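Please read these numbers as outputs of a predicted model, since none were measured by experiment. Atoms within each ligand, like the ligands themselves, are counted from 1 in listed order.
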Amino acid sequence: MAAYDVIIVGAGPAGLSLAVELAEHVRVLVLERAPFGHTAATWYSYGDRVRDHGLDDAVAFRTDRLVFVSPNHKHEMFDDCVVLDHGKVLDIWLERARARGAELVHGEYLGHDVDASGVTVRSSAGEHRGRLLVDCTGPFSPIVAAHDLIVRKDAWVLAGARVRLPAGEVPLEIGYYPLGDDANTYLGIHPFNDTERNVYVFQGQSDTLGDPAALQPLFDATLAERFPTAELVAPISGSIVSGVLRKYALERVVFFGAAGMMNPEAIGMGFNEILRQVRGFAAGLRGALADERLGAAALHRVAMAARDREAMYFQRIIGAFSLHFVKSEAKWDGGVKWLNSLGAESRNWMRNEMSLDWIRRATLNLHKAVPIRETVQNIPPRELAFIGGQLARFVAITAVGEARRRFEDVRRRLALRKRA
Ligand SMILES: Cc1cc2nc3c(=O)[nH]c(=O)nc-3n(C[C@H](O)[C@H](O)[C@H](O)COP(=O)(O)OP(=O)(O)OC[C@H]3O[C@@H](n4cnc5c(N)ncnc54)[C@H](O)[C@@H]3O)c2cc1C
């Protein structure tokens, strides 16, 4: 008999939030190689989402907008934005997971074997027996690598630090600013409190999981130039990966969080997407465990059900256009112009909360904001058919919507005439 129903490997936001959702219902073991409660990331999120997950106590900073700047444009995205104290988030989840009965073990995953009745995980802390393994080891998952599952991978690579600055030296706003170099790197600022800021440089890179250490010299130089009085508090670094896996599960193994390319096509950012998906994913896993549906195909369906397919398609279009923005002379101007064209609705894109109608309007706006001829020259040829297909789909949806509206109009008029 398996000692645990679920063995979660990795105690980052994916592993811990999942442990919290599952531990009241099934027996959970969480295996983590680093000290529990540690991460080098920084998370901005939204007041309502954070409240919904009982994380209000972890809010470090609150503001009503995000600021995006390109060489010639600026977009203010109004929302209930928060920067979280990432250590506090993990501590809250650790306490809840323990209180609900999860067992937390410090050890590095080394391998696993699957048989008819379960899975045996080998770690530096010994052997652990369970019915299901959930891989939450982040972008550099050893299981994904061993099975050669990555079809496509891109990364936002980040290097920076929490720094202490004299009050008033940097505006208290969450912002993303171009550094104006040929490599198209950006400066990101997440205020933490009156005197501390999470400051990092970041760069979009194709066909890689990213090497944050390579950006460290640029961060050091940027800090020295822009914030010479800054005092280093703690390092920040990592990759936010996006991409596609060949499949999102193996026999008795399923991927969640960055290990499972949580951001296919850079969807909704990582931490925020975990908050959005974890409850649906946990419910799917409970069903699979109850019915003993733990084969690769059934678990793959559970993983896919947690994702929003329309949003994925749309983010793929944005991903292809991003290449155009990066290569264009006025780097990112097109992107910021597009955000401005959306007005108050741009926040739906950042939140990854999009209705089909929103996606249709945003796609048509995109083609207005960015010159088609230039776009066609820069978008990888493999994406042109996809984008053309999506555009055709939206034109068809628009035509059907318009026909339906006219039909309703005529019906209403006929009904009025009859009554008269
Ligand atoms: C600098 C930075 C800023 C970011 N900003 C934002 C933001 O503002 N908003 C947002 O939504 N997202 C943001 N992200 C993205 C977000 O942090 C990630 O998407 C998220 O951390 C992914 O969570 P995860 O649990 O899947 O993976 P991870 O956070 O990578 O956690 C994986 C865990 O698995 C453990 N592990 C790995 N291998 C093993 C092994 N062999 N054995 C045992 N344990 C193992 C690791 O130690 C780690 O604890 C940012 C990321 C970075 C790096």
Side-chain angles (χ1 to χ4, degrees), residues 7-19 29-46 49-50 60-61 66 81-84 86-87 89-90 93-94 104-112 121-125 128 133-146 155-162 174-176 186 188-192 198-203 209-210 212 215-216 219 234-242 255-264 266-278 281 350-352:
I7 297 175
I8 297 172
V9 185
L16 287 183
S17 62
L18 184 65
L29 168 73
V30 183
L31 190 64
E32 168 60 52
R33 70 176 175 193
F36 279 98
H38 175 79
T39 175
T42 159
W43 301 317
Y44 96 81
S45 189
Y46 310 101
R49 239 181 248 186
V50 161
F61 176 76
L66 296 172
C81 306
V82 297
V83 174
L84 293 164
H86 42 261
V89 171
L90 295 181
W93 276 335
L94 281 167
L104 309 175
V105 171
H106 185 248
E108 176 160 15
Y109 162 93
L110 300 173
H112 71 273
V121 174
R122 283 170 274 115
S123 85
S124 56
H128 322 274
L133 189 172
V134 187
D135 179 355
C136 296
T137 55
F140 303 97
S141 158
I143 305 179
V144 168
W156 285 105
V157 188
L158 307 91
R162 172 154 335 144
I174 304 177
Y176 305 99
Y186 263 62
I189 300 182
H190 289 180
F192 196 74
N198 294 335
V199 180
Y200 53 87
V201 295
F202 64 102
Q203 184 185 41
L209 296 173
L215 278 188
Q216 191 63 39
F219 173 68
I236 282 171
S237 78
S239 286
I240 308 180
V241 298
S242 59
F255 305 102
F256 186 57
M261 295 287 180
M262 169 60 71
N263 310 317
I267 206 166
M269 309 235 351
F271 178 84
N272 286 316
E273 199 54 21
I274 288 168
L275 292 190
R276 240 167 63 87
Q277 292 187 15
V278 66
F281 181 66
M350 198 65 178
R351 283 172 163 257
N352 210 27

- [ ] Return yes or no for this condition: an N or O of S237 is under 3.5 Å from an N or O of ligand 1.
- [x] no

Task: ligand 1 to Y200 polar contact by distance, N or O atoms, under 3.5 Å - done: no

Open item on the list: For ligand 1 and A41, I'd like to know whether there is a polar contact (N/O to N/O, distance under 3.5 Å).
Closed with: no

TODO: Would you check the N or O atoms of E273, main chain and side chain alike, for any that come under 3.5 Å of an N or O of ligand 1?
DONE: no

- [ ] Going by heavy-atom distance to atom 23 (O) of ligand 1, choose the closest among A125, P13, G160, G10.
- [x] P13

Task: Shortest reach to atom 40 (C) of ligand 1 by a heavy atom, considering only Y109, Y46, F36 - done: Y109

Open item on the list: Once you restrict to heavy atoms under 4.0 Å, what part of H38 touches ligand 1? Side chain, backbone, both or neither.
Closed with: neither

Task: Minimum heavy-atom distance between R351 and R49, given as atom pair plus value - done: O-NH2, 2.7 Å

TODO: Determine, considering heavy atoms only, which of H190, R33, E108 sits nearest to atom 36 (N) of ligand 1.
DONE: R33

Open item on the list: Below the 3.5 angstrom mark, is there an N/O of A14, backbone or side chain, next to an N/O of ligand 1?
Closed with: yes

Task: Contact check: I274 vs ligand 1, nitrogen or oxygen atoms, below 3.5 angstrom - done: no

Open item on the list: I'd like to check whether T39 has a polar contact with ligand 1, where a contact means an N/O of the residue lying under 3.5 Å from an N/O of the ligand.
Closed with: no

TODO: Answer yes or no: is there a side-chain heavy-atom contact under 4.5 Å between W43 and H190?
DONE: no

